[in-house]
Amino acid sequence: MAIKKVGVVGGGLMGSGIAQTAAQAGYDVLLAEVSQELLDRGMGRINGAWDMLTKKGRITEEQAGEYRGRIRGTLDMRDFADRDLVIEAIIENMDEKKKLFSALDGIVPAGAIIASNTSSLPIIEMASVTARQENIAGLHFFNPAPVMKLVEIVRTIATSDETTEALREFAQSLGKTPIIAKDTAGFVVNFLLIPYMLSAVRMYENGLATMDDIDTGMKLGCGYPMGPFELLDYVGLDTTLYAAEAIYHEYPDPAYAPPTLLRRMVQAGRYGMKTGKGFREYAEKR
Ligand code: CAA
Ligand code: NAD
């Protein structure tokens with residue numbers, strides 16, 4: 001299956017990074033959002049990254065121009081009728097994702113692949129609302145998508161070998177290393193990472209150490225590039241909470257239960273860097 005035309009739905013933190021990565025690798029990319037303002041914001045993030053890379057001398061002006069020429073935005077899902085692969089990167093909510101999968105199934109060509117970038121939700125539930133379960137899989141990128149080298153390919157009980165192979169080749173063409181995960185909550189990485197971040201919140205909630213000391217401990221003690229609170233604000237507290245809930249739903253073990261403080265932060269609208277306020281405050285919303 002030759003993938004040439006790629007669609008990305010959702011131009012937030014992840015969708016914009018995935019669209020940027022695919023355009024850099026030579027694909028024709030279409031990015032969809034729900035409003036012009038959000039589409040402009042997503043495209044602005046992508047163009048900002050290319051400006052930054054040009055200024056740093058990592059890419060030439062000419063390359064940046066070529067990348068820009070390969071990507072366009074839309075508010076109309078019907079424009080996805082010629083896409084070979086669509087990657088869904090909308091909010092971590094099953095009802096919203098199912099609505100989108102059902103709509104896309106009626107729009108994209110027969111045989112096209114629809115993949116989800118979900119952090120933790122069951123892929124087969126999204127596939128269940130389509131008539132192409134064999135062409136559906138998880139394609140899980142890591143934040144920031146243009147930089148992190150891993151992609152998890154999540155195979156459901158219905159995903160075909162052809163779809164898995166096509167996604168493996170696609171991930172490699174982006175310069176990523178794919179690993180195959182089963183369709184279980186959290187897949188491989190988040191099943192380990194989310195309980196780690198939840199433990200850090202519980203540690204702080206119970207007054208065992210300060211937030212700064214916990215971050216410093218994990219950075220200097222383990223060589224992690226970010227401490228857990230820096231990573232929580234970077235990933236998004238909303239996304240982390242929804243992913244934790246999905247894992248806890250499947251494995252009702254207290255280690256996976258979202259701590260009350262995390263829930264309260266999300267209820268307060270403190271989602272992290274993207275809203276300017278999370279465990280710490282940021283001068284600019286991302
Ligand atoms: N496009 C292309 N390149 C980019 C880029 C972009 N949008 N943003 C940054 N870069 C490049 C920079 O140019 C730089 O490259 P050079 O060294 O060639 O200059 C490099 O990436 C590093 O960037 P910075 O110097 O700006 O920043 P840094 O060195 O402080 O690293 C970081 C930033 C990569 C985010 C690092 O802090 C890190 O690895 N943090 C941990 C991230 C992590 O754990 N992610 C996983 C989250 S979990 C997840 O994603 C799964 C989920 O479902 C929730
Ligand atoms: P985000 O909130 O930054 O972006 C989501 C975007 O989707 C928003 O801009 C929203 O307007 C848009 N959207 C919602 N419904 C839409 C629709 N029907 N059509 C088009 N656009 C729509 O979220 P994010 O952090 O980019 O996460 C997106 C997905 O990627 C989630 O499933 C999340 O679990 C997953 N993920 C997130 C991370 C992370 O670190 N944040 C890492 C890997 C995977």
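Numbers here simply count residues along the sequence, with the first being 1. Counting starts at 1 for both ligands and their atoms, following the listed order.
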_Determine whether Asp161 and Arg155 satisfy the following criterion, salt bridge (Lys or Arg N to Asp or Glu O under 4.0 Å), listing intermediate values before the conclusion._
CA-CA 9 Å; Asp161 289 345; Arg155 276 196 84 144; 2.9 Å; yes
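There is a side-chain donor-acceptor pair under 3.5 Å between Glu92 and Thr118. Judged purely by distance below 3.5 Å, without hydrogens or angles, the side chains of Ser173 and Tyr27 pair a donor atom with an acceptor atom.
The proximity of Leu38 to ligand 2, defined as any non-hydrogen pair under 4.0 Å, is limited to the side chain. At a 4.0 Å heavy-atom cut-off, ligand 1 does not touch Ala243 at all. Contacts between Val189 and ligand 1, counted as non-hydrogen atom pairs separated by less than 4.0 Å, are absent for every part of the residue. Heavy atoms from both the backbone and the side chain of Ser119 come within less than 4.0 Å of ligand 1. Contact annotation: for Val147 versus ligand 1, heavy atoms closer than 4.0 Å belong to the side chain alone. Neither the backbone nor the side chain of Met77 comes within contact range of ligand 2; no heavy atom lies under 4.0 Å.
In this pair, Tyr67 and Trp50 present their aromatic rings tilted. The plane angle is within the 30 to 60° band. Ring-plane geometry between Tyr224 and Tyr196 is classed as perpendicular, the angle between the planes exceeding 60 degrees on a 0 to 90 degree scale with a lower cut at 30.
Looking only at protein heavy atoms, the nearest one to atom 48 (S) of ligand 1 is Leu193 CD2, 3.4 Å. When hydrogens are left out, the protein atom nearest atom 49 (C) of ligand 1 is Phe142 CD2, 3.5 Å; that is the closest non-hydrogen contact. Nearest to atom 32 (O) of ligand 2 among the protein's heavy atoms is Glu92 OE1, 2.6 Å. The nearest heavy-atom contact from the protein to atom 34 (O) of ligand 2 is Ser119 OG, 2.7 Å. Among protein heavy atoms, atom 37 (O) of ligand 1 sits closest to Met226 CE, 3.5 Å. Looking from atom 52 (C) of ligand 1 to the surrounding protein, the closest heavy atom is Asn190 ND2, 3.4 Å. Looking only at heavy atoms of the protein, atom 4 (O) of ligand 2 is closest to Gly12 CA, 3.3 Å. Atom 41 (N) of ligand 2 has its closest protein heavy atom at Val235 O, 2.8 Å. Atom 44 (O) of ligand 1 has as its closest protein heavy atom Leu231 CD1, 3.5 Å. When only non-hydrogen protein atoms are considered, atom 47 (C) of ligand 1 lies nearest to Val235 CG2, 3.7 Å. Of all protein heavy atoms, the one lying nearest to atom 37 (C) of ligand 2 is Met14 CG, 3.3 Å. In terms of protein heavy-atom proximity, atom 1 (P) of ligand 2 is nearest to Lys274 NZ, 3.9 Å. For atom 36 (C) of ligand 1, the closest non-hydrogen atom of the protein is Pro225 CB, 4.1 Å. The protein non-hydrogen atom at the shortest distance from atom 18 (O) of ligand 1 is Arg58 NE, 2.6 Å.
Nearest to atom 7 (O) of ligand 2 by heavy-atom distance, out of Val9, Ile90, Leu139, is Ile90. When the heavy atoms of Leu39, Val34, Leu13 are ranked by distance to atom 17 (C) of ligand 2, first place goes to Val34. The option from Glu33, Glu152, Glu96 that lies nearest to atom 8 (C) of ligand 2, judged by heavy atoms, is Glu33. Here atom 30 (O) of ligand 2 lies nearest to Asn117 when heavy atoms of Asn143, Thr275, Asn117 are compared.
The shortest separation from a heavy atom of Ala32 to ligand 2 is under 4.0 Å, placing the residue in contact. Heavy atoms of His140 approach ligand 2 to within less than 4.0 angstrom. For the pair Phe141 and ligand 2, a heavy-atom separation below 4.0 Å is found. Using a 4.0 angstrom heavy-atom cutoff, Lys99 does not count as in contact with ligand 2. The shortest separation from a heavy atom of His140 to ligand 1 is under 4.0 Å, placing the residue in contact. Using a non-hydrogen distance threshold of 4.0 Å, Met14 does not register as a contact of ligand 1. Residue contact check for ligand 2: Ala89 places a non-hydrogen atom closer than 4.0 Å to it. At least one heavy atom of Gln20 sits closer than 4.0 Å to an atom of ligand 1.
Screening Asp84, Asp28, Asp82 against Lys5 for a salt bridge (charged side-chain N to carboxylate O under 4.0 Å, His left out) leaves a single residue, Asp82.
Atoms of ligand 1 lying under 4.0 Å from any heavy atom of Ala49, numbered from 1 in the order shown and given with element: 7 (N). Every atom of ligand 1 is numbered from 1 in the order shown, and the set under 4.0 Å from a heavy atom of Tyr234 is 35 (C). Contact atoms of ligand 1 toward Pro146: 1 (N), 2 (C), 6 (C), 7 (N) (distance under 4.0 Å to a heavy atom of the residue). Near Leu53, meaning under 4.0 Å from one of its heavy atoms, ligand 1 places the atoms 2 (C), 3 (N), 13 (O).
In terms of heavy atoms, Glu33 sits closest to Gly11 at OE2-N, 2.8 Å. What you find for Ile3 and Leu85 is that their closest heavy atoms are CG2-CB, 3.9 Å.
When distances from atom 23 (O) of ligand 1 to the protein are checked, no heavy atom turns up under 4.0 Å. The protein reaches atom 5 (C) of ligand 1 closely, with a heavy atom under 4.0 angstrom from it. The nearest protein heavy atom to atom 12 (C) of ligand 1 is closer than 4.0 Å. Using a 4.0 Å threshold on non-hydrogen atoms, atom 30 (O) of ligand 1 does not count as touching the protein. There is no protein heavy atom closer than 4.0 angstrom to atom 26 (O) of ligand 1. At a distance under 4.0 Å, a protein heavy atom can be found next to atom 16 (P) of ligand 1.
Put simply, the side chain of Asn206 never gets that close to the backbone of Leu208: no donor and acceptor are under 3.5 Å apart. Side chain of Asp105 to main chain of Ala131: a donor-acceptor pair is present (N/O by atom type, distance under 3.5 Å, no hydrogens or angles).
An N or O contact shorter than 3.5 Å links Lys56 to ligand 1 by distance. Considering backbone and side-chain N/O atoms, Thr239 never comes within less than 3.5 Å of an N/O atom of ligand 1.
Salt-bridge check for Asp51 with Arg68: passed, with a basic side-chain N closer than 4.0 Å to an acidic carboxylate O. At a threshold of 4.0 Å, the pair Arg202-Glu205 does not count as salt-bridged, since none of the basic side-chain nitrogens sits closer than that to a carboxylate oxygen.
Few gaps surround CD on Gln267; more than 12 heavy atoms of other groups in view lie less than 6.0 Å from it. Counting non-hydrogen atoms of neighbouring residues, nucleotides and ligands closer than 6.0 angstrom, the OH atom of Tyr204 reaches no more than 12 such neighbours.
Rounded to the nearest 0.5 angstrom, Ile153 CD1 and Ile179 CD1 are separated by 9.5 Å.
Side-chain contact between Tyr234 and Pro144 is present, with heavy atoms from C-beta onward closer than 4.5 Å. Using a 4.5 Å cut-off on side-chain heavy atoms (C-beta onward), Arg168 and Ile180 make contact.
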